[in-house]
Amino acid sequence: MRPFERPSRDRARLLRPWIVCLLCLVCIDFALRVYVSHRFPSWSQRLPPERMQWDALAAEEALSRLAGYPGRKILFLGDSVMVGEDLPFPETVPGQLETKLRAQFTDESFTVSDLAMAASRLGDTYAMLVKASATHPDIVVVEINYQMFSRAQADEQPFRYPYLRTAVDRTSTYQQMAARLKLPLSDSRGDALIHFTQEIWALYRFRELVDGLIFQGTPLDRLHGARPSPIAATREPQPGQARQLLPWHLRHVDVQQTVGAAYDNDPLDSFPNPALFFARELVRFLNAHEIRALVFLTPLNHVMLRQYIDTAAFDVNVRRIDALFSGQGFIYRNYQDLLSGDLFTDDDHLTSAGSARLAEVLFRDVEEYFESVLGKEEHSP
């Protein structure tokens, strides 16, 4: 026997079960992707909100699908207003915009992908823009929410989705601002820990998906006689549920008391505000890469907010936001006063009718862009 031959064989024998497990996980991952994409087609167009905070693989899968799409691509970035968590995708703002585009441009192949993330900060939006730009979108629609700038959102948590910061925290401007704005920095051990957490969550995701798809709920609950109830990660809101969403003033829950802290009336720059930094970085990135974009300040329910905000101070802050995004190489719209109070479910989330109205307004700019592009292509030699 040659030296070290037996230890080498022993190592191979020990590794064999792990290799088999890894191959099984890869097969399960592939099978679940195919099954879910057929069972829940709208998942191919938006990030699943129930898993996004820690499941970085879901974002990577969405971007991978998008990169391989052969037609025209419109991306949505933003927070829960664009996610439309209580709405099926066709009734969200991105979904309704896609319906209008398909009806208008019948000879074109479109996909509208919703990469918005609930409760996201501007740091998350900027990082997702950096990652998504590699898919070469035709146009990016960026929703900006006033709350992204307010003290309640900007104080302690510049990233709601911590795995996204690794896409931007090595830049020189980020490094320069990190200490003053208390921005988190990466290190090799921290990156390794984040990656390990992502992998563990991916394994948990398999269990969660299997429970929902095969058992229609948690197996132990089903054994104890519980009725079938698909878990949240495998359930899309149904159109019937969406249409039961009521305007805020008709709902039985007292939603008014939950939003006051999100609308601080201090000047946005009266404390180190990471959102202002990320807004400037977002503008710089769009301009530097000549990305066709439509950036808009999302509507707010001013009927409801009147009792919480100092109107004069609020207006000063809104003018500052306008100044950040106006006069750039992309379209900017301020839609904060666009909708009446009956089209909201609370301070900023929209009913189906509210989503339809906002999609209609956004469609005008997107339609004009595509008409100009298609016209140029028809006349090009």
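- For residues 298-311, the set of pairs meeting the salt bridge (charged side-chain N to carboxylate O under 4.0 Å, His left out) definition, not counting sequence neighbours, is empty.
- A donor-acceptor contact under 3.5 angstrom links the side chains of Tyr263 and Asp347, judged on distance only.
- Ser355 and Gln96 form no side-chain donor-acceptor contact under 3.5 Å, judged by distance and modelled atom types alone.
- In this pair, Phe110 and Phe105 present their aromatic rings tilted. The plane angle is within the 30 to 60° band.
- Using cut-offs of 30° and 60° for the angle between ring planes, the Phe285 and His289 rings count as tilted.
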| request: Take Phe277 and Leu183 through the side-chain contact (heavy atoms from CB on, under 4.5 Å) test and state the conclusion after the steps. | output: CA-CA 11 Å; Phe277 165 72; Leu183 300 176; 4.0 Å; yes
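- Figure legend: Arg72 and Phe370 shown without cation-pi pairing, the cationic atom not lying both under 6.0 angstrom from the six-membered ring centre and within 45 degrees of its axis.
- Side-chain contact between Ile144 and Phe149 is present, with at least one heavy-atom pair separated by less than 4.5 Å.
- Between Asp348 and the choices Asn145, Leu305, Leu339, the side chain to side chain contact (heavy atoms under 4.5 Å, CB included) rule is met once, by Asn145.
- Salt bridge absent: Glu368 and Arg364 never bring a charged side-chain N and a carboxylate O closer than 4.0 Å.
- In this model, no donor atom of one side chain and acceptor atom of the other lie less than 3.5 Å apart for Tyr69 and Thr135.
- Hydrophobic clustering (side-chain heavy atoms under 4.5 Å, transitive across Ile, Leu, Val, Met, Phe, Trp, Tyr) groups Ile139 together with Met128.
- Side-chain atoms of Gln157 and Arg121 form a donor-acceptor pair, as typed in the model, at a separation below 3.5 Å.
- Phe325 and Tyr332 have parallel rings, their planes meeting at less than 30° on a 0 to 90° scale where 60° marks the start of perpendicular.
- Looking only at side-chain heavy atoms (C-beta outward), Leu164 and Lys131 come within less than 4.5 Å of each other.
- Donor-acceptor pairing under 3.5 Å is recorded for the side chains of Tyr126 and Arg284.
- A 4.5 Å side-chain heavy-atom check between Asn265 and Ile309 finds at least one atom pair inside the cut-off.
- Note on ring orientation: taking the six-membered ring where Trp is involved, the planes of Phe278 and Tyr174 are tilted (angle from 30° to 60°).
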